[in-house]
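Please read the structure below before turning to the comments.
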Amino acid sequence: MRVLITGGSGFVGQRLCRRLKEAGHRLLVVSREPEQVRDRLPEGTDIRRSVLDFVDTPPDAIVNLAGESIAARRWSDNQKKRLIDSRVNVTGDLVMLCEQLQASQGRTPRVMVSASAMGYYGDQGDREVTEETPPHDEFAHRLCKRWEDTAREAADFGVRVALLRIGLVLDAGGGSLQKMLPPFKLGLGGRFGDGKQFMPWVHREDLVRAILFLIERDDLEGPFNGSAPHPVTNAEFTRTLAGQLGRPALMPVPAIALETAFGEMSRLLLTGADMRPARLLEAGFEFRFETLEKALADILG
């Protein structure tokens with residue numbers, strides 16, 4: 001099977017590409033800098049600069065992981081536009097590819113798994129959140145909604161669309177832990193604000209397995225929460241990470257300090273959602289790392 005991946009050279013994409021290659025699939029990856037990312041990807045990966053460059057090599061499946069880091073810099077109006085454009089424009093190109101393939105070859109990819117994020121729900125306090133929970137209207141929700149709405153347009157061309165709302169991705173060598181570990185290893189970690197906000201998380205290996213699961217199951221479409229079954233509050237995350245490292249976590253960061261430093265972007269740190277993977281579990285997906293303790297023991301051990 002030919003699988004087209006946007007964001008294939010990123011933290012999740014690299015692991016996904018390796019698993020797909022091991023399973024015998026052919027990899028088609030989009031990158032603006034093919035030569036710079038080639039050594040991050042399996043040998044034989046077909047790397048091209050644009051989604052539409054693959055019109056002559058129609059994929060059987062698409063995985064859409066593209067998008068600038070939402071926490072890379074303060075949310076000015078220009079940065080908000082960059083965050084939206086980096087997701088919506090690439091996703092729109094994927095829809096255009098499906099349209100062109102249908103018109104020119106009478107065939108389209110059978111499935112597109114398109115990333116979204118836990119930010120779709122906005123701040124949900126301490127209520128349990130499933131795929132049916134109404135969102136709280138704020139910037140993160142509006143960004144994710146535009147991203148998802150664009151991806152859904154591929155269904156007009158007969159493509160099964162699955163939307164994966166991803167929590168904090170944990171593993172060694174990148175993702176959310178990369179920035180957390182240095183201060184925690186020095187005993188300088190601590191909760192953010194009052195620590196009561198929920199942090200949905202997922203081990204990178206389980207996230208990649210969930211993507212493969214959604215590719216393979218022809219009966220699954222629509223939104224899926226891509227997080228482990230047991231989310232934790234920020235305070236619980238802090239205690240667990242510090243415990244795994246054998247360090248204290250006695251340096252809380254006051255909410256006012258985060259709001260001053262990051263402005264509106266501080267909501268990523270001070271709010272959250274008790275997000276549960278209800279639809280994945282109902283479909284029979286089994287997580288290897290259900291608890292934070294088990295995930296961190298695997299990553300840090």
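The figures here come from the full heavy-atom set of this structure, side chains too, leaving out hydrogens, waters and symmetry mates.
In this structure, Met1 CE and Leu20 CG are separated by 7.0 Å, a value rounded to the nearest 0.5 Å. Distance check, rounded to the nearest 0.5 Å: CG of Leu214 to OG of Ser114 gives 11.5 Å. Note: Asn78 CG to Asp85 CG = 10.5 Å, rounded to the nearest 0.5 Å. Within the model, atoms CG of Asn64 and CG of Leu164 stand 11.5 Å from one another, a figure rounded to the nearest 0.5 Å. In this structure, Cys17 SG and His25 NE2 are separated by 12.0 Å, a value rounded to the nearest 0.5 Å. Of the inter-residue distances, the one linking Thr271 atom OG1 with Lys196 atom NZ reads 15.0 Å to the nearest 0.5 angstrom.
Not counting sequence neighbours, the partners of Phe289 by the ring-ring contact (aromatic ring centres under 6.0 Å, His included) test are His203. In terms of the side chain to side chain donor-acceptor pair (under 3.5 Å) criterion, Tyr120 has no residue partners (sequence neighbours excluded).
Listed by first and then second residue, the ring-ring contact (aromatic ring centres under 6.0 Å, His included) pairs that reach into residues 48-100 are Trp75-Phe139, sequence neighbours excluded.
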Show your reasoning for whether side chain to side chain contact (heavy atoms under 4.5 Å, CB included) applies to Thr240 and Val232.
CA-CA 10 Å; Thr240 304; Val232 295; 5.8 Å; no
Could you walk me through whether Arg87 and Leu83 pass side chain to side chain contact (heavy atoms under 4.5 Å, CB included), step by step?
CA-CA 7 Å; Arg87 290 158 172 78; Leu83 291 171; 3.9 Å; yes
For side chain to side chain contact (heavy atoms under 4.5 Å, CB included), just list the numbers for Tyr121 and Glu131, CA-CA rounded to whole Å, side-chain angles, deciding distance to a tenth of an Å, and then say yes or no.
CA-CA 9 Å; Tyr121 299 105; Glu131 292 85 354; 4.1 Å; yes
Carefully, step by step, assess Leu27 and Leu41 under the rule side chain to side chain contact (heavy atoms under 4.5 Å, CB included).
CA-CA 9 Å; Leu27 304 178; Leu41 297 167; 6.0 Å; no
Test side chain to side chain donor-acceptor pair (under 3.5 Å) on Thr57 and Arg48 and set out the steps.
CA-CA 11 Å; Thr57 312; Arg48 306 187 192 182; 3.1 Å; yes
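Under a 3.5 Å cut-off, the side chain of Gln105 and the backbone N or O of Val55 do form a donor-acceptor pair. Proximity of a side-chain donor or acceptor of Arg209 to a complementary backbone N or O of Phe287 within less than 3.5 Å is not detected. In this structure, Arg279 contributes its side chain and Glu221 its backbone to a donor-acceptor pair below 3.5 Å. In this structure, Arg127 contributes its side chain and Gln124 its backbone to a donor-acceptor pair below 3.5 Å. Using modelled atom types, one side-chain atom of Asn225 and one backbone atom of Arg276 make a donor-acceptor pair closer than 3.5 Å. Panel note: side chain Arg204, backbone Phe11; a donor-acceptor pair is recorded below 3.5 Å. With hydrogens and angles ignored, the 3.5 Å screen pairs no side-chain donor or acceptor of Arg247 with any backbone N or O of Gly189. Between the side chain of Arg110 and the main chain of Ile215, a donor-acceptor pair closer than 3.5 Å is present. When atom types are taken as modelled, the side chain of Arg146 and the backbone of Val88 share no donor-acceptor pair closer than 3.5 angstrom. Between the Gln197 side chain and the Leu269 main chain, a donor and an acceptor come within less than 3.5 Å of each other.
The environment of Phe262 atom CZ is sparse: at most 12 non-hydrogen atoms of other residues, nucleotides or ligands sit within 6.0 angstrom. By the 6.0 Å contact criterion, CG on Asp156 is enclosed, its count of non-hydrogen atoms from other residues, nucleotides or ligands being greater than 12. Applying the 6.0 Å contact sphere to CG of Asp77 captures no more than 12 heavy atoms from other residues, nucleotides or ligands. Applying the 6.0 Å contact sphere to CD of Glu22 captures more than 12 heavy atoms from other residues, nucleotides or ligands.
None of Arg82, Lys81, Lys80 except one satisfies the salt bridge (charged side-chain N to carboxylate O under 4.0 Å, His left out) rule with Glu68; the exception is Arg82.
Taking 4.5 Å as the limit, some side-chain heavy atom of Arg40 sits within range of a side-chain heavy atom of Ser9. Side-chain contact between Leu181 and Leu241 is present, with at least one heavy-atom pair separated by less than 4.5 Å. Side-chain contact check for Asp274 versus Asp126: every heavy-atom pair is 4.5 Å or farther apart. The closest side-chain heavy-atom distance from Phe184 to Met251 is not below 4.5 Å. Between Leu101 and Pro109, some side-chain heavy-atom pair lies under the 4.5 Å cut-off. Counting heavy atoms from C-beta outward, Thr6 and Asp93 have side chains that stay 4.5 Å or more apart. Considering only heavy atoms from C-beta on, Val159 stays 4.5 Å or farther from Val95 through its side chain. Leu16 places none of its side-chain heavy atoms less than 4.5 Å from the side chain of Leu207.
Using a 4.0 Å cut-off between a side-chain N of Lys or Arg and a carboxylate O of Asp or Glu, Arg165 and Glu148 qualify as a salt bridge. The residues Asp171 and Arg15 are annotated as salt-bridged, a charged nitrogen and a carboxylate oxygen being separated by less than 4.0 angstrom. Using a 4.0 Å cut-off between charged nitrogen and carboxylate oxygen, Arg38 and Glu35 count as a salt-bridge pair. Salt-bridge annotation for Asp149 and Arg142: absent, with no side-chain N of the basic residue lying under 4.0 Å from a carboxylate O of the acidic one.
Linking ILVMFWY side-chain heavy atoms closer than 4.5 Å, directly or via other members, places Leu65 and Val29 in a single hydrophobic cluster. Neither Val51 nor Val37 shares a network with the other; the hydrophobic side chains, linked directly or stepwise wherever heavy atoms of I, L, V, M, F, W or Y lie under 4.5 Å apart, form separate groups for each. Cluster annotation: Leu281 and Leu220 are assigned to the same hydrophobic cluster (Ile/Leu/Val/Met/Phe/Trp/Tyr, side-chain heavy-atom contacts under 4.5 Å, transitive). Val161 and Phe224 are assigned to two separate hydrophobic clusters, defined by single-linkage of ILVMFWY side chains at heavy-atom distances under 4.5 Å. Residues Val169 and Met180 do not share a hydrophobic cluster, clusters being chains of Ile/Leu/Val/Met/Phe/Trp/Tyr side chains in contact below 4.5 Å.
Here the shortest heavy-atom pairing between Val3 and Ile5 reads O-CD1, 3.5 Å. Annotation for Pro200 and Pro231: closest pair CA-CB, 4.1 Å, computed over non-hydrogen atoms. Heavy atoms only, all atoms of each residue included: Pro59 and Arg107 are closest at O-NH2, 4.2 Å. A pairwise comparison of heavy atoms in Val129 and Ala273 identifies CG2-CB, 4.1 Å as the closest pair. In terms of heavy-atom proximity, Gln79 sits nearest to Ser69 at NE2-O, 4.5 Å. The nearest pair of heavy atoms linking Ser227 to Val202 is CA-CB, 3.8 Å.
Side-chain contact of Glu236 with Thr233: a donor-acceptor pair under 3.5 Å is present, judged by distance alone.
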